[in-house]
Amino acid sequence: MLSLKLHFERHYRLISGFSRRYLVFHCTHSCYNMFQGSENSGSGGYQETNTRATSHKETTNAETRQQQKLSKAERIALRNQASSENSLTTKIDYLSVDDESTQNFGEYQLIQSVATDSISGRLFTSVSSLDKEKVGKQIWTRARVDTIRPKGRSAFLVLRQSQYTLQAVVSESDKVSRQMIKWITKEVGEECLVDIYGNVVAAEVKSCSQHDIELHVWKLYIVNKVNARLPIRVEDAGRPDWQEGVHVLRDTRLDNRVLDLRVPSQQAIFRIQSGVCQLFREILLREGFIEIHSPKIIAGASEGGAEVFKLNYFGQNACLAQSPQLYKQMAICADLERVFEIGPVFRAENSYTHRHLCEFTGLDIEMAIREHYFEVLDVLEQLFIGIFEGLRLRFSTEIELVQEKFQISPIRYLPAGQNPRLHFPEAVQLLKANGYIQEDLDDLSTENEKALGKIIKEKYGTDFYTLASFPATVRPFYTMPKAEDSRYSNSFDMFLRGEEIVSGAQRIHDSVLLESQVKAKNIPLSSIEDYINAFKYGTPPHGGAGIGLERVVMLYLGVGNIRECSMFPRDPKRLRP
């Protein structure tokens, strides 16, 4: 044993300049050869080992002399190559990480869906489902690194998965080496996508959505890392205006929308937007409506006026649809009776305001009526109260996230059938009585809309109301004039927080009256000839409405700017990304 110890110490000195890999390999073989030599030829094993070490040392010295003849750039390249070869980030096979012999940290090779029979069968747990009931269990999860903070022989990570966050702790232990911690602090950065395996532990973490647990990490693998400098930090983009720290301007966030959309409150907005569409469909399907899909490239303006995007359609003049108006009415002419559509709407309005977009998502309905266009209002009021209630019940977590960031209060509304319906002349009198200037037959200005909303909320205790019988001159050509006074029309708008969210009316279903209205508005008959002809074959009385999805979400949540509620907004100044 003494001779073995002396040999090892001497041998270690001989190879002290070699790499760790060579040290382990060579010592193992030297010791093996020495014992073999002891059994077979006395000290022969020692001499053979000593000769090999000396030979390797001479080779290394020769290589060193050769390198000295290289240029500085070549020497740097060689060092970088050696560093890369010995890096801790050697990529590993995704499917091998359950093998005990595999390292418990590193970067995956590119996941390319290699073979179905090689699927790992690994079960991933969503961050949102982690709570105290999972304490003591080991789980896999895939998430983004929101922040990372090294501390001594530990590292604290905040993981983000959609709108949910979780603290993960990496500490030196029998399962976690110091080398692993060093690698994590060096290689894992913000916005890296990682797979983590660890133990769920009870903890108090007020800064995370999962505030009563944390994950003690045993394994960590990079699925995909950030390969460019982040133009904005997600943490900064999500910081509320009222909170101290770095803030990112809206235009900068929109320029880098993919990163901005990773902010939990932004995720919440679009989940709520999705919820509006779900509820819109569910409620209308229950009421006997069917969903249709109308063309968006049309021959003439669907709303009249010049606010259309024109294009050349194989040598013919065409434009992008301002709404599905003409086609949903033609569906009623075809006896479909009750229809709705969710689709894009294009408006060439050069309006750069907090509530206008050049492209938005329209929620449209059209229905046959028996006697009065208020039948449409009844359906719409039930629809909106159903949407408001559905959002409150299904998306309370998302609503709280948005309210926390934007510091806004929930909307107030009354049960269906109890929210106020005023006629336009009544609204004019209310405004005048409260000191506002409003002409009898002029449309409401944005200022007067908001003022009226405040007046009605004070008087009736609701943010949601309807205004009917608008002046005929401010409505589209297809709007039915009011029988008692043709200066007004059978039309309506619905308002939320003092701003319009719905515009609708009874439509003209008589072809002669319709044609005269088209001429009065100076719209070329040839551009909507098929639409007008559809009414010559007998059409039921009908009405409908158009709703702007993004505006409904903006006003329901109170976020203040419609661009927050459009995934990639289009306005007169923005065509990218």
Side-chain angles (χ1 to χ4, degrees), residues 257 277 289-336 339-353 355-366 475-479 503-505 507-537 539 542 544-551 562-563 566-577:
R257 189 60 157 159
C277 291
F289 284 75
I290 65 167
E291 186 169 7
I292 62 170
H293 305 281
S294 62
K296 304 307 169 197
I297 301 174
I298 61 176
S302 48
E303 297 291 335
E307 295 167 343
V308 295
F309 290 105
K310 297 178 181 178
L311 56 104
N312 184 311
Y313 188 75
F314 302 104
Q316 301 178 66
N317 292 327
C319 61
L320 296 178
Q322 295 165 294
S323 77
Q325 184 61 46
L326 308 186
Y327 295 95
K328 63 180 182 173
Q329 282 189 257
M330 290 166 78
I332 302 301
C333 294
D335 291 340
L336 290 177
V339 299
F340 74 90
E341 178 171 357
I342 300 175
V345 172
F346 303 91
R347 300 283 172 91
E349 297 179 357
N350 194 12
S351 300
Y352 191 76
T353 72
R355 65 179 186 175
H356 286 95
L357 290 171
C358 295
E359 179 184 354
F360 61 89
T361 301
L363 309 177
D364 278 83
I365 73 163
E366 203 73 22
R475 305 306 276 199
F477 70 89
Y478 48 75
T479 306
S503 188
R507 321 303 189 184
I508 296 173
H509 58 278
D510 177 80
S511 61
V512 176
L513 178 57
L514 181 61
E515 197 167 326
S516 68
Q517 288 291 93
V518 170
K519 290 176 181 177
K521 296 279 187 179
N522 296 317
I523 299 170
L525 285 171
S526 59
S527 67
I528 54 172
E529 184 178 5
D530 294 324
Y531 167 74
I532 292 172
N533 287 339
F535 290 87
K536 293 179 179 180
Y537 314 128
T539 301
H542 63 282
I547 304 160
L549 172 63
E550 292 85 351
R551 194 179 289 190
I562 199 167
R563 291 158 188 79
S566 174
M567 187 163 280
F568 297 99
R570 293 290 176 263
D571 61 38
K573 298 182 180 180
R574 183 170 291 280
L575 191 58
R576 298 176 65 185

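Note that the numbering runs from 1 along the sequence shown for the chain.
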**Q** As a quick check of understanding, evaluate side-chain contact (heavy atoms from CB on, under 4.5 Å) for R507 and T479, giving each step before the final call.
**A** CA-CA 5 Å; R507 321 303 189 184; T479 306; 5.5 Å; no

**Q** Find out whether E550 and T361 are in side-chain contact, i.e. whether some heavy atom of one side chain is under 4.5 Å from a heavy atom of the other.
**A** yes

**Q** Report the distance from atom CD of Q517 to atom NZ of K521, rounding to the nearest 0.5 Å.
**A** 7.0 Å

**Q** Could you check if a side-chain atom of I562 sits within less than 4.5 angstrom of a side-chain atom of F360, using non-hydrogen atoms only?
**A** no

**Q** To the nearest 0.5 Å, how far apart are OG in S527 and CD1 in I532?
**A** 7.5 Å

**Q** With a 6.0 Å cut-off (strictly less than), is the heavy-atom count around CG of D510, excluding the residue itself, greater than 12?
**A** yes

**Q** Could you tell me if the side chain of K519 sits less than 4.5 Å from the side chain of L525, heavy atoms only?
**A** yes

**Q** Do L549 and C277 come within less than 4.5 Å of each other through their side chains, counting heavy atoms only?
**A** yes

**Q** Heavy atoms, side chains only, cut-off 4.5 Å: are K296 and P324 in contact?
**A** yes

**Q** More than 12 foreign heavy atoms under 6.0 Å from CG of N350: is that the case here?
**A** no

**Q** For residues S323 and R347, is any side-chain donor paired with an opposing acceptor at under 3.5 Å?
**A** no

**Q** What's the verdict on side-chain contact (heavy atoms from CB on, under 4.5 Å) for I292 and Y327, showing C-alpha distance, side-chain angles and the deciding distance?
**A** CA-CA 9 Å; I292 62 170; Y327 295 95; 5.8 Å; no

**Q** Hey, does E291 have a side-chain heavy atom less than 4.5 Å from the side chain of V339?
**A** no

**Q** Can you check whether C333 reaches Y537 side chain to side chain, under 4.5 Å on heavy atoms?
**A** no

**Q** Can you tell me how far CG of L357 sits from CD of E349, rounded to the nearest 0.5 angstrom?
**A** 10.0 Å

**Q** Which distance, rounded to the nearest 0.5 Å, do you find between the CZ of F477 and the CG of N522?
**A** 12.5 Å

**Q** Give me the ring orientation class for F535 and H542: parallel if the planes are under 30° apart, tilted from 30 to 60°, perpendicular past 60°.
**A** parallel

**Q** For a side-chain contact (heavy atoms from CB on, under 4.5 Å) check, start with the C-alpha distance between C358 and F309, then their side-chain angles and the critical distance, and finish with the verdict.
**A** CA-CA 9 Å; C358 295; F309 290 105; 4.0 Å; yes

**Q** Using 0.5 Å steps for rounding, measure from the CG atom of L363 to the CZ atom of R551.
**A** 12.5 Å

**Q** Closest heavy-atom contact between H509 and T539?
**A** CD2-O, 3.6 Å

**Q** Does the pair K328/E366 count as a salt bridge with the N-to-O cut at 4.0 Å?
**A** yes

**Q** Restricting to non-hydrogen atoms, name the atom on G504 and the atom on R475 that form the minimum distance, rounded to 0.1 Å.
**A** O-NH2, 3.3 Å

**Q** Let me see the working for D571 and H356 under side-chain contact (heavy atoms from CB on, under 4.5 Å), right down to the final yes or no.
**A** CA-CA 7 Å; D571 61 38; H356 286 95; over 6 Å; no

**Q** Quick check: does any side chain N or O of E359 sit under 3.5 Å from a backbone N or O of P344, one acting as donor and the other as acceptor?
**A** no

**Q** Tell me whether S566 contacts the main-chain N or O of R563 through its side chain, where contact means a donor paired with an acceptor under 3.5 Å.
**A** no

**Q** Is it the case that atom CZ in F568 sees more than 12 heavy atoms from other parts of the structure closer than 6.0 Å?
**A** yes

**Q** Please answer whether the main-chain N or O of T353 pairs with a side-chain N or O of S351 as donor and acceptor at a distance below 3.5 Å.
**A** no

**Q** Just wondering, do V518 and Y478 contact through their side chains at under 4.5 Å, heavy atoms?
**A** no

**Q** Would you give the length of the straight line joining atom NZ of K536 to atom CG of L514, rounded to the nearest 0.5 angstrom?
**A** 10.0 Å

**Q** Between D530 and M330, which heavy-atom pair has the shortest distance, and what is it?
**A** O-CE, 4.0 Å

